[in-house]
Structure formats: structure tokens, C-alpha cells
Amino acid sequence: MKKKSKLWLLGAVSLASVVTPGVAVLSGACTVPAWKKQQYVFEFNSTIDNQAFRYDSSRSFGSYLETSTIQHTGGEFVRLQGLTEVKTKSIVDSQGNIQIITIQPNFVRYKLELAQAIILTDESNNVHVFDSDETDGTRPEAESTATDGTKYYKESTVKLTSSNEKSINSAKFREILAKAKKFQVVIRKGINWVDSNGQKTKYQLVARDYWYSWLRTVSLNESYRHANGGSKELDEKFKLLGGKNTTAFTDVEDFQNEYLYGLFGIDSSKFYKENEFIQKVGGASQYKEDQALTFEKATGSAKAEFASFFAKLFSGNDYTFMPAPSQFIDELNESGNPIIANNLGEDVPASLRKEFIDELAKIGKDKIQYFTGAYWYGVSPRTLLHVGPYYLESAKNQKVTLRKNQHYWDKTWTEAKDTINTIIFQHQSAAMDAKLFTDTMFNKFEQGTLSQLAYQSLSETQKQRVSKNPGKYGLRLAKTLNTKSPFYRMFTTPWVASGNANYGFNDAYAKLMWGATVEEIRKGEMNADSYVSGLGLSFRSILNAAINWDTYAGIISSNQSEAWVAKIANGSEIGGSNQSTSSIKTPEDVKDQINALSAIGVDGKKIDFGGTLGKELSPSENAEAIKNKSSTADKLKSAGFNKLKEEIAKVIEKFDQENPTLKNQNFEIQYFFPFVNAPDLYINGWKEIAKVVEELNPRIKLTVKYFTNGDDKEFDNWRFNALNGEQNLAWSYDYDGIGSGFDGLSWGGLLIPTLVKISKISSQDFKDSFPELSKLAKELIDYENTHKTIFSVPFNELDLVSTKWMNRNFSAIISGYKLKKVGDKYEAETKEVEIDGKKKTVLVQFDPGTGKSATDPYEWSGKFWLNYNKAHTNEDLAKLIQEFASFTNINFTYGITKSKSPYAKKLVNNHYVTPDITGYEYTQYVDWRITGLKK
């Protein structure tokens, strides 16, 4: 799932707040534990980021983020509710091997929240009502037995079922969902929005709130915003409310997840019209007169994948359909007195206020940007209303405070005496030294003023203290299951965007990898030949295979993690044509195979490492090779290091022959760490990698660029402008299959144009080295021949687009603007227009022709990958994963490791009961309970 806009809205955050649960603290003379005050406190080693709309769920989309608050305040239709805390047991066998088993799982159920009922219509026009979320009283028994006779569960999260056919937990619901053509939602009645004081307002939750939300979210797209009442002038005016470096009303924000509905066979065009998105239920049920949000099968679709829709976009984990208070927005619009405040909630001066009000009035009351309050509602917490289990009380003075919504519909929860009533996210006035921060947090955790602590960040001494008394410290084991987060963040592509003043490499590296000098790259004078199938491929594949990545993973994690260089999520289904019958179900089942690395020699052929090693170096072979090694440097060398040392010398020798003016120049490359405040363990690991790489060949000089200040303009320049050829990507799977992992690279990672380039390679050596990758490229072209795209560039020439546009905006360029071929490149056409009396050069819009519309790149690629995923066996897909890992660059600064154990250690104060759901990347505090409180 594309979620770029949400990523940019997060701003600069520390690694601790992204990859581990955060920690928090309240200061004060009286040390009262947080749990006694029914608080959860959580601290980030970063400053607060109160950018415009940061706390508004109604213009957001994409998967839930642990670092966000809006899943707690925005209100969900349906969610998966955790009912019990996982309990584990460690069993030690006679050989000293430890087996961790789950003796009590988290039993979960689907729970109706703001949805009163789900109404499904099948292909025979039969209407089915599901307005219950009850489950049967009995819970499944443990299905396995450990060596000591203990019964245990294979999974840590177990869904409960219901024999009540009107329950959304029933088999009947799943059966009808799989064959429905219409999906309707009746909104729960009698729910009032609350303000930032927790006071019930007169405004009620209604179906129209969701229509407003959809329009507000789509209005993130500049073209849609300007076509429906907005303008460049309004954008510039209201951007002044957004604060420093705001992304609001800029082209950095965009909404490109609409493709998901097409992928699932659902007609999203009806969401734009109120009378089509909100329809009467009809039929003979008690809901026949109710207005319902309506999702329908798209014309021409064989079926609607409502099961996927329900799992991905409806039952939690996605921000798209969180309501906006339409009655409140309407009333303030009608009064001509909307709240004009900046991102900090401060009123603008009276003279400026009139200017803002006058600008809004010019839009026209029938325009979407006017009546949805797109320019003013939600800019700051002050303008927000809330309908979730928590409301946002304040976000200031480096502290974000959420409080229990006493007017939430679920009285069982609101009246419970053991819930978390206040959530506090504490930030720093300035980022602290990583070690000082951890030591300070550990002391506060011991005092009880801190609710949770990242175990991975502890020193060895602190870990020993915890291990001696795990019950006291609340040490728990949580099973990890990554089903939707692929292993890439910084991803190197065959093209480097032109036009940058500075780059993170020198001429020799640039010429070797991309066939052009730095200045030539700056001018856009390069092609992808060297990267895709030339010396660039040989160089990076040898570099990748020369390192024992498991050793590196151990260095940066205190031996808690192992490497995962395959680019797909380890816990998803592979999802091939034989998924149900294959002996391999998930990437984890073949981890040694798919994380093996091949290397390409100077002759274009796979390097043979000799003996039993063959032509791929697997993690297990590397582990065997270092068993008797003692130094870190030796342990970082792969089993084929000495052979690769010879082969890299041949590559460099050929490069020198072909580029005499660069002969003997070092090959300098700066990798990039995409967050601020890199941990010391990481920095140490990077230095060790650099030493081993230099031993591979002394002319290779590798460094890592990292920042300690997120406000540094250069930090954003590195993050967003691919100064070293790396694109910054964030992606979450659209469905349970490895195809979606690859799809995340289709456009932002330029994988589609890369495959187009590969399809033109005639070299038999390349086809022999990468047979599955070559087949994939051919099948992509064949698929497009029968599923034609309408882009401004012929599909089989996507690799020829000017490097000026080979960046994260690539998909928008080829589908939205006119390109013409100039020489052997496609350049965007421009024209001069007059704006405010000044002539400006703008891009010419792409006109697909009468009655035609441009292809949505994300919908098209999503369907291609889903089709490809289902058409090939799990065994062949595993081969593709391995080949792709060898073909691409290993960007090792972030995101190539995972926990060695399927269970991760976490520290939560022992008074909290935490029924967290396996695989969820965020915490549902609404389900937590507190023990030990006075009755």
C-alpha cells in the first residue's frame, strides 16, 4: 500500500521511535507510578512535530503507524479486539536447546465499533444482515505437545468464531463476503463528537461524515484540489498556517491509494457522489430505511474481492475511512466564522483573519474545498473533534496527551475501572545522546514513571538486571510476525535523478555503477546499461556477496537479530498457484535459499565459488565458514570472500582499461541512514563493514551519511532527492502474497522501468544468471500487450524517460504530463503561462484523447503482480526472490535484519495486561488493562 504522504507528514523522528516501542516519562517530585494514575507514558528521543493536520484522521490514509495518535482518536468501523495476554514458557531439553512455546494465546474477535451493521448483497440479490460481533463461549484447545508434555498453541493470536450466523465472526459472514457484490455499512446511532475538553458536542456521527472524509483525503492531490475549488493562491495562503517546513498544500502530499479499490474490483468512482456513496439499505431487514455507506462491485470486474477489502481497508489498520464532523464543519462554514488558527492552535491577527475568511468565501459554497473545510478544519488540535475511544486533549510543550472519551458508545469500556485513562507521549526539547537517553529511561522505568522500555536499547548490564528478576521488570516475550512490511527502505535504482548540486559518490563510482561521471549524471547524460547488466552489476553483486550479513546483523543488535537481504516480508504467504499444496508456505520456510547471494563476474557469468559452495552463498554456508574465526573482521567475511577478492580486482582492472582518465581513482560511495540519531551499535557496524570492504579492495571507500538534527535542510535533501541513487520508500502489503512486496518497488523504486530494460537484454549470460528475473520481464511485456496502458510514454520505452523524472514522482509524470521523445530520451513538454501578471513555465498536462483516461499506474501494477503471483508456483517464486536479492544493491543502513527468535523481548511495567495482536505494527491501548488498582 502506498503511503508516501503519511510518511512525509511524520517529519524527522529518531530510530528508537520507529523501530522499537517508545518509552516515556513524567517528571515531578512525587514519584507516583504511571499505572497507579491509570496512565500510559511513552517517550521519544525527538522533538514534538506539530505540523499542520498531524492529528487529523479525516485527511489521512495508509497503514496505522505506532508513532501516530489518530488511530486512537479517529474512530474505526470494525477492529480486531485482543481479549487475553499471551503467556509463554521456555523448555530446555537435555542438549541445552531452548524451545519457547505459547501456552495461552491472545484470543481475538472482530468487534463492531462505529459500524452498527454490515449488509451484504450477493450475486442473486439476496440481502444478508450481520449486526452481531458475538463469539461462542468455548475457546480452542492447544493443538500441540512439547517435549515435557506441556500443551501449547502454534499461533500466538487465535481468532474466535461464532455459530450465530448474524455475527461478523461467523463462517456465514466469511462465506457471503467471498461472493458479495455490494457491501454496506450502517453507522451506529446516537454517537456524539467530543471536543478537546472531552465534552460532548451537539454534533452526531452520521454517514455524511465519511463522504466528507473521502473528499478531504482525495484533496491531498493538488490536481483534484485545484479542480474543485482550491487554487495555487489558496494553497500558498493557507500554507502560512502550517508552520515550519509544512507539507500541507504542497505537491509532497498526495493520495494514490485509490488504486486499491480497482485492485479489489470495487467501483470507487461512486465515492465522489453523495447519493451513490450513501444509499438506503432497502430489502426487508430492520435497516431497510437506514442510510448506509455503500461499496459496489465495479462494472466489468469478474468479482469484488470484499474479503481483501474487509481485511485491508475496513477492519482497522487503515486511516482512509475515518470520519470528519460534517455537521460541525457545515455550521462554521454557514456562520462565516470558521476557526482560523495555525498549526499550534494560535489565532492569526484580526487583520489577517479577515484576509483568510475572504479567501475562503471566494471558493464558492458548492465547491468541495469549501464545504468540507479542507483549508481550515484539522490544521491544529484546537480545530478538531473526536469520535474514537480517546480524544486529543493537547499537543504542546513537548507533550501529547490523549484522554479516555467518557462519551464513547461502548459503555462497558467507558465504565470499566481498570483501563488506561490517559496516554502521554513525551518528547524532548532537543534530542539526547542515545546512551544518556537509555540510561535515564531505565532509571525512570524502575521508578514506575515510565510504562514501557525498548529492550533492544538496554546495555548488557541493564539486561542482566532484568534477567535476574523478569517478573519485577515486566519482561515478556511477544511473537513477531511480519506479514506486510517488505525489507527495503533505501533502494538503489538503475537511474540517478539529474539536476542535483551534489551527489554522494565520486566520478569513478558513478562511471562504474551508472556509466557516467557525476557531471554527466547532473546533466542527465546517462543510461542504465552498466547498472543493469554491465560492470555495475558485477561490482555491486560481488560487494553484496563478500559480506557475511548475519555477522553484521549481530553487531548492530547485540546478537539479537539475523540478516534478511531478501526484499519481501518474511511472514507473508508466498501465495503462488500451489500455495495450498506446496511444502513451503512462507518466505521464512525457505530463508536459507532466498537469502543466498550470487555474484556476477567480469565476463557476465555467475561466479563459481568452488567445492560444495557452488554459485550461491547461503547464510548457513557463511556461518559454517566462520565457526573457528575470532576477529570481527574475519567473521564479517563471507565463505567466498577470497574468491570475490580476486574477481573484484578483475572488474576494476577492466574499468581502468575502459576509463584511463579515472584509472587508480578510488570508488567512493556514501550510503544514507534515513533517520536522525543513529545508535552507536549501528555506527560501529558501518565502520566494520567499511574496513572489510576496503580489505576486499583498497580502492573501495565506503562511508555512511547520517544526521543528528532533523531540521537540517541537508537531511531532507538526502531523504527525498536520492543523492546517492537511493530512493526512500515506505510500503505495506495490499494482500497476503509476495507479489505485493515487489509491487511496492514498481514505481517509487522504478522496478517497472527496470524490468522493461531487462526485457531488452539479449545476453544469454544474463538470462542464465537470472532466469526467473528474465522470465518476469518478458511476462510483464506480454501482460501489457493484453492489458494496455495509457501513459504519455509507450510502455516498452518507460526506461527511456529523462532521468530528471526518474524519482519518486515517476508515476505521476508518465500518467499526468505530456512527454515527447528528444533524441533517445523522453522529455516533459513545457509551456509559458501568465500567473499574477508574471510569465511562468509549467508542464503540459497529458491528454489521453477523447473518451479516454490515463491508466492509474498503481492499479495497473497491482493487478499485474497479483496475477503473476497467482500464476507461478511457490518454488519458482522462491527462486525469483533469491535472484532479485542478488541483482539489487544491499542498502544495509536500515531494514535488513529481523529477530533471530520468533519471540521478541519487550519490557512493559508488570501492572499492565497487554493483549497485543501478533503482526500488528501499532498498539491498541483500548484493550490494555491495569492490575493492582484499588477497588
Side-chain angles (χ1 to χ4, degrees), residues 52-61 70 73-75 114 187 189 191-221 224-225 228-231 234-235 237-239 241-242 248-249 253 255 271-275 277-278 291 293 319-343 345 347-348 353 356-388 391-392 405 407:
F53 301 103
R54 175 68 188 270
Y55 304 100
D56 175 22
S57 60
S58 72
R59 71 192 297 273
S60 301
F61 68 97
I70 56 179
T73 62
L114 301 186
I187 304 303
K189 298 177 181 63
I191 297 177
N192 290 75
W193 291 82
V194 300
D195 61 22
S196 60
N197 295 313
Q199 298 299 308
K200 182 168 69 173
T201 70
K202 63 183 178 181
Y203 313 108
Q204 292 209 331
L205 180 71
V206 294
R208 200 168 196 241
D209 295 352
Y210 292 91
W211 184 53
Y212 273 39
S213 176
W214 171 259
L215 297 176
R216 286 170 59 79
T217 300
V218 177
S219 294
L220 291 170
N221 289 332
Y224 182 81
R225 186 167 66 247
N228 290 278
S231 66
L234 277 165
D235 290 353
K237 186 73 174 177
F238 281 84
K239 201 160 56 176
L241 301 176
F249 310 123
E253 286 191 321
F255 172 65
F271 302 170
Y272 294 87
K273 300 174 184 176
E274 184 176 10
N275 64 345
F277 186 41
I278 303 172
Q291 297 286 334
L293 301 180
Y319 294 116
T320 305
F321 285 108
M322 285 190 169
S326 61
Q327 295 169 353
F328 171 69
I329 294 171
D330 288 347
E331 183 173 299
L332 267 67
N333 279 335
E334 286 301 314
S335 72
N337 194 35
I339 302 170
I340 307 298
N342 66 17
N343 62 305
D347 285 324
V348 299
R353 174 178 169 76
F356 280 103
I357 298 293
D358 290 345
E359 289 296 324
L360 288 175
K362 293 176 184 177
I363 297 176
K365 292 186 177 181
D366 62 334
K367 298 294 186 182
I368 289 169
Q369 303 313 303
Y370 183 86
F371 70 74
T372 63
Y375 280 103
W376 64 267
Y377 175 76
V379 172
S380 76
R382 178 183 161 196
T383 56
L384 287 170
L385 298 183
H386 309 283
V387 78
Y391 66 90
L392 178 65
N405 177 5
H407 302 288

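All values derive from a computational prediction rather than experimental measurement.
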Query raised in the report: What do the steps show when you test D209 against S326 for side-chain hydrogen bond (donor to acceptor under 3.5 Å, both in side chains), and what is the final call?
Result: CA-CA 5 Å; D209 295 352; S326 61; 2.5 Å; yes

Roughly how far, to the nearest 0.5 Å, is the [atom2] atom of [Y] from the [atom1] atom of [X]?
X: L234; Y: L360; atom1: CG; atom2: CG; result: 7.0 Å
X: L384; Y: R54; atom1: CG; atom2: CZ; result: 13.0 Å
X: L392; Y: L385; atom1: CG; atom2: CG; result: 11.5 Å
X: L241; Y: I340; atom1: CG; atom2: CD1; result: 6.5 Å

Please report the closest heavy-atom contact between [X] and [Y], naming both atoms and the distance.
X: M322; Y: G74; value: SD-CA, 3.9 Å
X: T383; Y: V379; value: OG1-N, 3.4 Å
X: G198; Y: H407; value: O-CD2, 3.2 Å
X: L114; Y: V387; value: CD1-CG1, 3.9 Å

Given side chains that start at C-beta, do those of [X] and [Y] come closer than 4.5 Å, heavy atoms only?
X: Y272; Y: I368; answer: no
X: W376; Y: I329; answer: yes
X: F321; Y: L293; answer: no
X: S380; Y: N342; answer: no
X: L205; Y: W193; answer: yes
X: I187; Y: R208; answer: no

Requested in this report: Starting from the C-alpha separation in whole Å, work towards a yes-or-no answer on side chain to side chain contact (heavy atoms under 4.5 Å, CB included) for N192 and K200.
Outcome: CA-CA 6 Å; N192 290 75; K200 182 168 69 173; 3.3 Å; yes

Is the backbone N or O of [Y] less than 3.5 Å from a side-chain atom of [X], with the two atoms forming a donor-acceptor pair by type?
X: N228; Y: Q369; value: no
X: R216; Y: T372; value: yes
X: Q204; Y: K189; value: no
X: T73; Y: H386; value: no
X: N197; Y: Q199; value: no
X: N405; Y: G388; value: yes
X: N333; Y: Y370; value: yes
X: S58; Y: S213; value: no
X: Y210; Y: F277; value: no

**Report entry** ring-ring contact (aromatic ring centres under 6.0 Å, His included) partners for F249, two or more places apart
**Finding:**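 Partners of F249 under the ring-ring contact (aromatic ring centres under 6.0 Å, His included) test: F53, Y375.
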
Report task. Determine, for D358 against K237, whether the closest basic-nitrogen to carboxylate-oxygen distance falls under 4.0 angstrom. Result ->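 Looking at D358 and K237, the cut-off is not met.
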
Query raised in the report: Is E253 salt-bridged to R225, going by a charged N under 4.0 Å from an acidic O?
Result: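 Not counted as a salt bridge, because no side-chain N and carboxylate O are separated by less than 4.0 Å.
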
Requested in this report: Assert yes or no for the condition that the ring centre distance of F271 to W214 is strictly below 6.0 Å.
Outcome: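 Ring centroids of F271 and W214 are less than 6.0 Å from each other.
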
Requested in this report: Measure from the ring center of Y212 to the ring center of Y377 and say whether it is less than 6.0 Å.
Outcome: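 Not under 6.0 Å, so no.
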
